[in-house]
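Worksheet for the structure shown next.
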Amino acid sequence: MDNLAPLHDCAPDTAVHRREVLEGLRRTPKELPSKLFYDAAGSKLFDQICELEEYYPTRTELGIMSRSVGEMVALLGDDCLLIEYGSGSSQKTHVLLDAWSGLAGYVPVDISKQHLWQSAQRIAAEYPQLPVLPVAADYTQSFTLPDFDKPISHRVVYFPGSTIGNFKHEAAQAFLGQIAELVGESGGLLIGVDLKKDPVVLHAAYNDALGITAAFNLNMLTHLNRAVGSDFDVDAFRHRAIYNEVEGRIEMHLVSEKAQVVAVAGEQIAFEEGEWIWTESSYKYTLAEFESLAGAVGWRVEQVWTDENKLFSVQYLSL
């Protein structure tokens with residue numbers, strides 16, 4: 001496909017993963033970065049989560065996008081380079097691409113190379129006039145964009161889903177500041193932000209009846225066994241997700257079912273029975289809270305779209 005560029009590989013090497021994992025497992029409580037969910041198997045499991053009845057964010061965000069995409073495209077403007085963080089299956093991106101004939105190019109960014117390349121191939125085949133430039137990278141860290149010789153008017157980062165909630169508040173501000181540096185003075189950010197709501201709804205979304213979220217959480221250990229040379233016994237851990245109402249966040253843990261010692265990259269990591277690894281936080285916001293968070297690093301909220309039940313929001317920010 002002439003419109004598909006070679007993979008631009010900025011993905012971190014194994015040594016970086018190994019250091020992050022060991023640093024996290026030495027902490028109290030133990031912690032692992034949520035980006036480690038997304039090997040090929042984890043990416044596929046997350047796609048399955050997005051189809052679950054209990055998991056409201058995906059279908060709610062898709063509904064918002066479908067109803068308001070015309071307004072979004074008008075704000076985003078023509079000759080824009082769209083950079084999608086955590087592109088995954090790019091399901092929501094199709095809504096934008098179908099309505100946006102003036103887009104200059106599309107840059108999907110994902111840490112899972114295999115999943116990214118498959119998704120980029122599909123997009124390139126479905127939109128043959130659109131330049132597609134896939135980037136394998138950890139988007140929480142600085143990375144370079146591929147060369148692009150077509151004129152562009154501005155850059156916009158598209159960050160769908162509720163992934164901004166995975167960052168603690170200070171880290172979220174730093175991350176939003178990093179995006180501002182990437183897009184530059186005339187750039188923008190189209191972002192999904194999950195809203196505060198009934199804790200019963202939140203609990204169900206992260207503890208689905210089919211156990212897909214549990215499998216997704218536990219797959220992180222399988223990924224680590226392969227990626228950094230650990231010997232986690234996946235059956236010796238269980239999934240737990242709770243809503244911390246004081247902090248306004250879902251917390252996902254992997255709980256050790258017994259006292260055990262795990263070898264990780266040549267180091268022995270001891271677990272007590274009931275001890276847990278913190279694998280993800282998912283902060284929920286009011287609209288005012290997120291506006292304040294983003295405003296602290298220079299972003300202005302230009303427009304907000306929500307569903308009728310105020311479960312979720314899609315927001316366009318400018319600098």
Side-chain angles (χ1 to χ4, degrees), residues 24 27-38 42 45-65 86 88 92 159-173 175-176 191-220 237-257 274-294 301 304-315:
R27 294 182 190 133
T28 303
K30 293 177 170 64
E31 186 173 353
L32 289 170
S34 58
K35 64 190 176 186
L36 295 177
F37 285 133
Y38 297 101
L45 283 165
F46 185 71
D47 288 345
Q48 292 177 40
I49 289 170
C50 292
E51 300 294 326
L52 293 169
E53 178 63 29
E54 300 99 324
Y55 193 75
Y56 64 87
T58 301
R59 65 174 179 276
T60 306
E61 186 176 17
L62 277 169
I64 295 168
M65 296 287 297
K92 297 159 197 164
F159 195 38
S162 55
T163 313
I164 188 63
N166 294 160
F167 297 85
K168 295 176 183 177
H169 294 316
E170 287 186 6
Q173 284 187 336
F175 176 64
L176 291 170
I191 185 169
V193 181
D194 202 3
L195 302 178
K196 288 185 173 176
K197 59 186 64 65
D198 186 340
V200 173
V201 176
L202 291 169
H203 179 81
Y206 292 85
N207 294 279
D208 62 276
L210 293 177
I212 305 299
T213 307
F216 173 70
N217 199 8
L218 288 160
N219 180 70
M220 181 186 280
F237 289 83
R238 60 179 170 85
H239 163 76
R240 179 176 70 190
I242 58 172
Y243 182 57
N244 183 330
E245 199 158 359
V246 173
E247 298 293 340
R249 69 190 178 208
I250 285 284
E251 298 174 6
M252 289 222 310
H253 305 144
L254 289 170
V255 183
S256 179
E257 297 274 50
E275 187 178 2
W276 42 270
I277 308 170
W278 196 332
T279 55
E280 184 180 62
S281 296
S282 186
Y283 284 85
K284 313 304 174 185
Y285 290 95
T286 66
L287 294 178
E289 285 171 344
F290 187 75
E291 184 174 21
S292 176
L293 182 83
V301 177
V304 176
W305 301 270
T306 67
D307 60 289
E308 61 182 10
N309 296 317
K310 301 293 190 294
L311 295 175
F312 197 90
S313 69
V314 178
Q315 308 190 26

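Every heavy atom of this structure was used, including side-chain atoms; hydrogens, water molecules and symmetry mates were not.
- In this structure, Glu257 and Arg238 have side chains that are in contact, with non-hydrogen atoms separated by less than 4.5 Å.
- You'll find the side chain of Trp278 reaches within 4.5 Å of the side chain of His253, heavy atoms only.
- Phe290 meets the ring pair (Phe, Tyr, Trp, His ring centres under 6.0 Å) test with Tyr285; sequence neighbours excluded.
- Between Trp276 and Ser256 there is no side-chain heavy-atom pair separated by less than 4.5 Å.
- Side chains of Val255 and Glu275 form no contact here, defined as non-hydrogen atoms less than 4.5 Å apart.
- Within the 3.5 Å criterion, the main-chain N or O of Gly165 finds no donor-acceptor partner in the side chain of Arg249.
- Taking the six-membered ring for Trp and the full ring otherwise, the centers of Phe216 and Tyr206 sit at least 6.0 Å from each other.
- Contact check for Leu45 versus Asn219: side-chain heavy atoms found under the 4.5 Å cut-off.
- Lys30 and Thr28 share no donor-acceptor pair across their side chains, judged by distance under 3.5 Å alone.
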>> Assess the residue pair Val304 and Thr306 against the criterion (side chain to side chain contact (heavy atoms under 4.5 Å, CB included)); give the C-alpha distance rounded to whole Å, side-chain angles, the decisive distance to 0.1 Å, and a yes or no.
In response: CA-CA 7 Å; Val304 176; Thr306 67; 3.9 Å; yes
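- Residue Ile49 holds its CD1 atom at 4.0 Å from OG1 of Thr213, rounded to the nearest 0.5 Å.
- In this structure, Ser313 contributes its side chain and Val193 its backbone to a donor-acceptor pair below 3.5 Å.
- For the residue pair Tyr56 and Lys197, a side-chain donor N or O sits within less than 3.5 Å of a side-chain acceptor on the partner.
- Remark: Glu245 CD is loosely packed, at most 12 non-hydrogen atoms of other residues, nucleotides or ligands lying under 6.0 Å away.
- Interatomic distance, Ile250 CD1 to Asn166 CG, rounded to the nearest 0.5 Å: 11.5 Å.
- Once rounded to the nearest 0.5 Å, the distance linking CG of Asn217 with CD of Glu280 reads 8.0 Å.
- Between Ile64 atom CD1 and Asp307 atom CG the span is 5.0 Å, to the nearest 0.5 Å.
- Distance check: Ile191 CD1 to Leu176 CG gives 5.5 Å after rounding to the nearest 0.5 Å.
- Between the CD atom in Glu247 and the NZ atom in Lys168 there is a gap of 9.5 Å [rounded to 0.5 Å].
- Contact of the Gln315 side chain with the Leu287 side chain is registered, since non-hydrogen atoms from C-beta on lie closer than 4.5 Å.
- For the pair Phe46/Tyr55, a side-chain contact is recorded, criterion being any heavy-atom separation below 4.5 Å from C-beta on.
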Determine, step by step, whether Phe237 and Ile277 satisfy the side chain to side chain contact (heavy atoms under 4.5 Å, CB included) criterion, reporting the C-alpha distance in whole Å, the side-chain angles of both residues, the deciding distance to 0.1 Å, and the verdict. CA-CA 10 Å; Phe237 289 83; Ile277 308 170; 4.3 Å; yes
